[in-house]
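Letters A, B, ... mirror the listed sequences (proteins, then strands); counts begin at 1. In this text, all values refer to a predicted model and were calculated from it rather than measured experimentally.
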Amino acid sequence: MSYYLQLLLNGVIAGSVYALFAVGLTLVYGVFRFINFSHGELITWGAYLTLMFYTPPFSWPLFLSAIPAMALTAVIGFSQDFFIYRPLRRGNPITLLIASIGLSYMLRNAVRFIWGSDLRTFDFPPARGMEFGGYYVTGIQLLMLAAAVFFLAILYLGLTRTLWGKSLRATADNLELAAIMGISMPRVSASVWILASVFAAAGGILLALDTNLEPVMGATNLIKAFAAVLLGGAGNVWGALLGGLFIGIAENLGVAFFSPGYKDLVAFALIFLLLLFRPRGLFGLLTGVR
Amino acid sequence: MDYILHVLILALIYSIFAVSLNLELGYAGLYNFGHVAFFGIGAYISALLSRAGMPVEGAMLCAMAGAGIAGGLLAVPALRVTEDYFGIATLVFAEMFRLVCLNERWLTKGPMGLPGIPRPAWIARGVDGLPVYLILTALAAAGVFLFVRRLTGSPFGRALRVIREDEHIAQAFGKNVLLLKIKTIVTGSALAGLAGTLWAHYISYISPADFTLTETILVVLCVVLGGRGTHWGPVLGAFAVIFFGEAVRFLPIPHELHRYVAPLQGMVYGGILVLIVLKMPSGMIAEHRRNGA
Amino acid sequence: MKRWTGILACTWLLLSGLVSAAEVKVGSITPLSGKLSVYGEGFQQAMLLALEEVNAEGGIKGSPMRIVFEDNNSAAAGSVSAIQKLITIDKLPILFGPAASSNYLAVCPIAQQNKTILIAAESAAAEISKCGSYNFRVFPSDALQGIGVAELTHALKFDQVVLTYINNDWGVGLAEIFKKKFLESGGKILDDFAHDEGKTDYRSEVLRVRKSNPKAVVNLTYIKEGATILKQAYESDVKTQWLMGSASKSPKLIELAGEAAEGVIGTYPTFSQETPQYQAFKAAWEKKYPDKKIPVFGEYNYDMVKLTAKALRLAKSMSPEDLRQAMIEAGKGYAGVTGDKTFDANGDVGAVYGRWTVKQQAIQDYK
Amino acid sequence: MLRVRNVTKSFGALMAVHDVSFELGDIGITGMVGPNGSGKSTLFHILTGFYRLDRGEIFFNRHAIANRPPHQISRLGVIRSFQQTRPLPFMSVRDNLIAVAPRQCGESIWPLFFSPTRVRRQERALREKADGVLDLLKLAPLADELAGRLSYGQQKLMELGRILMADPRLILLDEPTAGINPTMIRQLVAVLCRLCEEGIQIFLIEHNMPLVAQLCQHVFVMDSGELIFSGTSGNARRDPRVVEAYLGRESHAA
């Protein structure tokens, strides 16, 4: 029994990081109606930029390194939009998709170019996990959970209590209506990109702290985020959150029942089952004919 | 120059692959980001059958049929969703296919891959067989090209374009959109399967690592670069991409800078994709130019 | 600055191409880009060191020897393209095969059909032995290592183990040989599963290990996967003896896993570091690359080039058959840095298996 | 011909169409009016299968068509237009017409390769038919122009042409005259009258009241998802509910 509970616990922690990735992805979808493939690279860049400030010549402490890294990731996210997505927004959403795939490929190879394909790490000494009645949690895992809760709580407060959050949600609900209501689109779009980038970077840093850094780390986790977004219904922030948790738990518990080689398949299979039975996601809304 | 033959064979195989994707992506507006799965299914089916002793020609036909059926099986659930979800569904399908190939070792030998895939009995092994294999590939490519041209130049292709431009109009005028899309995906998948089987019997070794998202990006690049929804575009795109990749070999790059070549190439490919959609959305050959648009 | 280096290199290459009529050229398919490029650079440096020595000794019958390097993108398709180019454009009779068994297996039939000699310095899969008469390997086959790991397990008196292995050509091949040997000799495998290559989270795999509560775990994997697993097992307080293969034996493992790597025991194909050959190699390496450590498989790549040079000198002519005979002849009793390189009927060499362990954050021989 | 019984459709809490029942005869032009958001277009979407309905039944010539997919309904001869013009902008005007023709054997893969003559013959027939329709609409000079380059009014006419190509028995037009100039409206009305004479039932949503009065023998008025009036246009103007719901409000606004 404790075996399954431990798996569940690990699933919750992994899932909370997936949720961080998924929230940004789903926000971008909600406001701009396209699936941003290069979201995964924001994760990677967030982690690698932190490493850059953490190692010589900067050698800043970790928490200090994370701040400029997140800021720079936000700059990347914002300039993606400014230079590439914005000029394309009037056209077919599919061109946006192709552009984002190209961009993702470009950014991933840029990481390889600058930092090499090799595995990197923050060089933290491994620590024995803390034991709570037979369950083990490491400090970093706790940090992950805490940071995820922190970020998501801020998001919750921001979206529900501030005017900014309300205008964001209004835009995600109905783009044209929001424009009529006098919500400033450039400001909303800037805040969406900054939010998505910061969340992706934060998730990437946590992931890197827990494990390692490598150029494909974002791309591999992006599929999990996709699955979470789909599960929650695209554009639905809370759905993405729950979806992320669900994916984390499902794939970790799955290992108990079949070969770990199929761990990734859990998220994929979930996506597929969902498309079969609930094409709009669990919490998704119907969209009609124009 | 056998090497030239080799590059030509590769380019022709990629042309078939790109033409098959263009049928879906260019004409029907179906953004299949998992097209490599059908290439892979074709390659695996035909490799497994021919290694089990079936004549290569038969194995190739089975591979095409298998890839087509797999396309149909994917299409039915995947088409229930809107177009960007369709992209994700197909992408996920391709990854699932790769994972199954990696893990079902009793069938696919997993990561070990399948070596020693034979060529048709009447083609010599080794370099001596290259000219004949090139002719075989060229014939297949010409066949595929003519077939797709007949398909897209016909009322069928016109109906696909209606669907691509405005699905609701197509429905309002009695087109069975779902059925037409399924037919397109089945055809496209079978042709991708053909490309896959030609590739498998040519390279003579396949493993799951050959069927990743990178291959999909490459073939999407071929189609988008060459020109979506045109007859010659994907062929041109495939030749351009393959020749560019091989030309890099002849650049005198000092040994110590070699580490930077592949990432740089990747950045170039990604950058080209972005630039095309920004600056040259219709690719090298534009679909509507002849109409003066 | 870099541009000038580039232009200079171009000119040099062009010029050397013009005056190199008398060179004896061999080819090499090397992972200079892609995921194995981290290793490729080291292989190349070791080969270039050997080449320098060969040419200092007077080359091949008076002509200098040269290696044409061809990148394979660390992939099978790239390897095939590379070998096609080397065989048909450069028309080279001897090639050094690509790293990673799957890539090697992709090209070896092509070499065999074209009667081109293909030599492996790092590809370990047992399957490679079946590649054919033109294939040679200066690195021992996994068939030997699998047995070596099984013997280690028995020697340490572990009858019941959990087996996990990396889900790629190397891991699967090795695990199968280990399993066969271990079960034959009366061992029991409690649980047996593959883990994915390149993952960052192996906690659930670790938990699965813990579920069987084994005294020992045989973990046949690479460096980063091994390090992650060790680290995450350590975090969740799995107390077991880890037994590993040769591919995890690297200071990088300790760098990545730190404290968690302490006490790991593994096998690796070994050779004496006391021999004059090794001492000479080490000195030469330190002289040529003063600030670089000897890379993984560097010794094997070095031996491969030196042995090939010897074969080229022995060969009666450059015909495939003569070269093949010369290779066999050159190998007979050849004492390289990595030991005896006498080829058996499959073109394989024998090996001595050593045991390594991690003690006080350093790799040491296990006694 | 068309019988609608107790049709209800809601989006979440919003009741878009509530318990609507009516019948259309075999021929004639029927108008539907009502303020914006009263559920007219939603009703069209339901009749043509684009929206699923929550409750109710729809029969077209004894076929139950409720919740059937749009293409099946269309194949029975129920052809619609959309509120905005929706040309296929990158096809020529003629191709816009040919493409929508029903029952093309060339849209299946087998006949393409095994009875090409049949396909070719049908293509030729369709081309002639399309040119005939373009003549009727006075669009013949523009036949080879890209549809995207036509003026808004010309596109509206071309859309009517597309509908004619589809051998309709019931035409549903969503605001056919919105945004086009009086000359075009006259042209359009002439075509509609001619179709009506040929025995095709036309059902249109329209805001142009004089036009409705001129064209339509019968008028439905919708308000807040409910059908509040059915009768002649003359009576509609005198009905207090209609006046309050629609005309009244409009006259205040004016």
Side-chain angles (χ1 to χ4, degrees), chain A residues 29 33-35 37-38 80 83-84 87-88 91-114 116-117 215 219 223 226-227 229-230 234 258-265 267-277 279-281 287 289-290, chain B residues 25 29-31 33 74 76-89 91-96 98-100 102-105 110-111 164 167-168 171 213-214 216-218 220-221 224 228 259-279 281:
Chain A
Y29 184 86
R33 299 283 152 196
F34 87 102
I35 294 164
F37 266 82
S38 70
Q80 277 183 2
F83 292 109
I84 297 164
L88 291 174
N92 189 337
I94 285 302
T95 55
L96 280 168
L97 203 63
I98 295 185
S100 76
I101 288 182
L103 199 62
S104 132
Y105 205 57
M106 201 166 96
L107 284 173
R108 194 184 322 156
N109 279 292
V111 171
R112 287 210 177 98
F113 189 82
I114 301 169
S117 316
I223 303 228
F226 276 158
V229 168
L230 280 176
F258 39 79
S259 156
Y262 277 129
K263 191 169 166 186
D264 282 342
L265 203 76
F268 300 153
L270 272 174
I271 294 182
F272 240 82
L273 285 179
L274 215 74
L275 293 178
L276 264 174
F277 297 109
R280 300 282 169 194
T287 50
V289 199
R290 268 171 293 159
Chain B
L25 186 152
L30 288 165
Y31 281 76
F33 293 125
L74 167 69
V76 174
L79 285 173
R80 292 161 55 98
V81 292
T82 49
E83 48 192 16
D84 37 5
Y85 280 179
F86 176 79
I88 291 194
L91 181 107
V92 161
F93 175 77
E95 278 296 292
M96 282 168 84
R98 196 178 61 81
L99 278 177
V100 168
L102 198 63
N103 285 291
E104 296 307 314
R105 289 203 291 271
R164 183 188 67 187
E167 206 168 311
H168 292 143
Q171 287 173 326
L213 185 60
T214 309
T216 305
I217 289 179
L218 213 60
V220 169
L221 179 67
V224 175
R228 276 171 274 177
R259 183 178 89 69
Y260 297 104
V261 172
L264 205 61
Q265 212 174 333
M267 282 163 76
V268 169
Y269 282 155
I272 292 178
L273 256 181
V274 174
L275 273 180
I276 289 174
V277 286
L278 271 179
K279 303 287 177 204

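- Side chains of I35(A) and I88(B) form a contact here, defined as non-hydrogen atoms less than 4.5 Å apart.
- Using a 4.5 Å cut-off between heavy atoms, L74(B) contacts chain A through its side chain alone, with no backbone atom that close.
- Looking only at side-chain heavy atoms (C-beta outward), L273(B) and Y105(A) stay at 4.5 Å or farther from each other.
- Looking at F83(A), only its backbone comes within 4.5 Å of chain B, counting heavy atoms on both sides.
- Atoms OG1 and CZ, from T95(A) and R228(B) in turn, are 7.0 Å apart once rounded to the nearest 0.5 Å.
- Side-chain contact check for Y262(A) versus M96(B): every heavy-atom pair is 4.5 Å or farther apart.
- Separating the OH atom in Y269(B) from the CG atom in N109(A) is a distance of 11.0 Å, to the nearest 0.5 Å.
- At a 4.5 Å heavy-atom cutoff, the contact between F33(B) and chain A is made by side-chain atoms alone.
- Note: L275(B) CG to M106(A) CE = 8.0 Å, rounded to the nearest 0.5 Å.
- With chain B as partner, the option from L107(A), L96(A), L97(A) having the largest number of non-hydrogen pairs under 4.5 angstrom is L97(A).
- Put simply, the side chain of F37(A) reaches to within 4.5 Å of the side chain of L91(B), judged on heavy atoms.
- Contact of I276(B) with chain A is not made at all, since no heavy-atom distance falls under 4.5 Å.
- Interface remark: F226(A) contributes side-chain atoms only to the contact with chain B (heavy atom separation under 4.5 Å).
- Between chain B and the options A219(A), P215(A), S104(A), G102(A), the largest number of non-hydrogen pairs under 4.5 Å is found for G102(A).
- Between chain A and the options N103(B), L99(B), V100(B), heavy-atom pairs under 4.5 Å are most frequent for N103(B).
- Interface remark: L102(B) contributes no atoms to any contact with chain A (heavy atom separation under 4.5 Å).
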(message) Before you tell me yes or no, could you show the steps for E95(B) and I223(A) under side chain to side chain contact (heavy atoms under 4.5 Å, CB included), namely the whole-Å CA-CA distance, both residues' side-chain angles and the distance that decides it to 0.1 Å?
(response) CA-CA 10 Å; E95(B) 278 296 292; I223(A) 303 228; 4.2 Å; yes
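- Here the side chains of L278(B) and P87(A) are in contact, with some heavy-atom distance below 4.5 Å.
- Neither the backbone nor the side chain of R105(B) comes within less than 4.5 Å of any heavy atom in chain A.
- Heavy-atom distances place no part of Q171(B) under 4.5 Å from chain A, backbone and side chain included.
- Ranked by heavy-atom pairs under 4.5 Å with chain A, the first of A89(B), G110(B), A78(B), G87(B) is A89(B).
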